[in-house]
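Worksheet: one structure, shown below.
Counting starts at 1 for both ligands and their atoms, following the listed order.
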Amino acid sequence: MEVDTRHADLGKSQFETPCPYLRDKLNTIQNHDPIVGSSAAGRATRVWRGEPDTEAFAAALAAAMRADPTLANVYIELHGDLGAGKTTLVRHLLRALGVAGRIKSPTYAVVEPHEAGDLAIWHFDFYRFDDPREWEDAGFRELFASTGLKIAEWPDKAAGHVPTADLAIRIQAMTDDTRTVRLDAPTDAGRSLLLALTAGPTA
Ligand SMILES: Nc1ncnc2c1ncn2[C@@H]1O[C@H](COP(=O)(O)OP(=O)(O)O)[C@@H](O)[C@H]1O
Ligand SMILES: [Mg+2]
């Protein structure tokens, strides 16, 4: 079952109106009941009502990766308009994985490398990627073939180069703080990650 909040008139006023019953109900519908079933099929939806929810999701993702390091050797795509919260999610994920220091957005460099313990992480932002030769010249093919976590914002701008994502996260801003999120996991690794996520209490 999937709840499409775009058509559900979940405007700001409704979220800010104290209505615990409805809110709990929505939580149940969107964050618990159907997810276990649908994550087996590699799909799930989420509602993040503020950045703390986004941070909690990132923490759960990091916990799943720490519990099973093979789940950190994946490629994650982040889709969504400017300001949707892609970089924000990556920053929370990198922090939760243990990356220290300043986490720069890779918009100008296209890729920023990071390390968390043994885990190599590459954070791509293909927003300004427009020269296919750059794919080879910059060594992106090797990076994608390497062991480690690859995360990409604006992967559509590098279509034809990037591999199939293990986990595609589509973020849509509903209000200043609220985001609806679709998770698609077409590969075995992605499905395992999604299952590990949905087995946890918070994500
Ligand atoms: N629930 C939320 N999740 C993520 N970001 C949020 C949320 N609510 C508000 N924001 C704000 O939205 C902005 C998202 O910006 P950013 O992560 O740079 O977007 P993108 O990388 O998708 O262009 C940030 O200022 C962040 O603080
Ligand atoms: Mg960004």
Side-chain angles (χ1 to χ4, degrees), residues 3-6 8-18 22-24 26-27 29-32 35 44-64 74-97 99 101-114 116 121-130 134 138 140 143-144 149-159 161-162 165 167-184 194 197-198 200-203:
V3 177
D4 190 343
T5 49
R6 280 174 304 183
D9 191 24
L10 298 175
K12 199 168 188 161
S13 58
Q14 232 172 323
F15 275 109
E16 288 179 357
T17 306
L22 271 185
R23 194 171 322 195
D24 286 347
L26 196 66
N27 253 322
I29 292 170
Q30 295 196 311
N31 287 352
H32 298 291
I35 305 299
T45 55
R46 287 289 187 281
V47 177
W48 298 335
R49 292 192 174 75
E51 209 178 308
D53 283 358
T54 306
E55 186 174 3
F57 176 84
L61 203 52
V74 293
Y75 165 45
I76 298 178
E77 284 184 356
L78 295 171
H79 299 263
D81 292 340
L82 276 176
K86 302 181 293 296
T87 303
T88 301
L89 173 61
V90 175
R91 286 204 171 105
H92 285 303
L93 177 60
L94 297 191
R95 283 274 178 261
L97 285 169
V99 173
R102 192 169 160 246
I103 299 176
K104 273 198 290 177
S105 174
T107 302
Y108 294 97
V110 181
V111 63
E112 284 291 335
H114 299 277
I121 305 167
W122 293 280
H123 175 196
F124 295 88
D125 184 335
F126 289 114
Y127 192 73
R128 287 190 168 72
F129 178 84
D130 52 13
E134 194 185 348
F140 293 161
L143 293 191
F144 271 91
L149 174 61
K150 303 104 198 170
I151 312 171
E153 300 182 44
W154 300 102
D156 293 346
K157 305 245 182 190
H161 297 288
V162 289
L167 178 64
I169 303 178
R170 294 188 165 78
I171 309 174
Q172 192 181 7
M174 306 303 284
T175 68
D176 280 355
D177 296 324
T178 306
R179 305 289 186 265
T180 56
V181 184
R182 214 179 90 196
L183 307 166
D184 288 288
L194 203 53
L197 259 184
T198 49
T202 50

Inset, instruction - Identify whether NZ of Lys or CZ of Arg in Lys157 sits under 6.0 Å from the centre of the six-membered ring of Tyr127 and within 45° of that ring's axis. - result: yes
Legend entry - Distance (rounded to the nearest 0.5 Å) between Ile151 CD1 and Leu61 CG: 8.0 Å
Inset, instruction - Take the Mg ion (ligand 2) and tell me which protein N, O or S atoms are nearer than 2.8 Å. - result: Thr87 OG1, Glu153 OE1
Legend entry - Phe144 and Phe124 aromatic ring geometry - parallel, tilted or perpendicular at 30°/60° bounds: parallel
Inset, instruction - Heavy-atom cut-off of under 4.0 Å around ligand 1: list whichever protein residues fall inside it, by chain and number. - result: Gly50, Glu51, Thr54, Asp81, Leu82, Gly83, Ala84, Gly85, Lys86, Thr87, Thr88, Glu153, Asp176, Asp177, Arg179
Inset, instruction - Measure the shortest side-chain to side-chain distance between Thr54 and Ile171 over non-hydrogen atoms and say whether it is less than 4.5 angstrom. - result: no
Legend entry - His161 and Phe129 aromatic centres sub-6.0 Å: yes
Inset, instruction - Say whether His114 and Glu112, considering side chains only, have a donor N or O and an acceptor N or O under 3.5 Å apart. - result: no
Inset, instruction - For residues Phe57 and Val181, determine if any side-chain heavy atom of one lies less than 4.5 Å from a side-chain heavy atom of the other. - result: no
Legend entry - Test item: Leu149 and Leu97 side chains (from C-beta on) under 4.5 Å apart, heavy atoms: yes
Legend entry - Thr45 side chain reached by Thr180 side chain, heavy atoms, under 4.5 Å: no
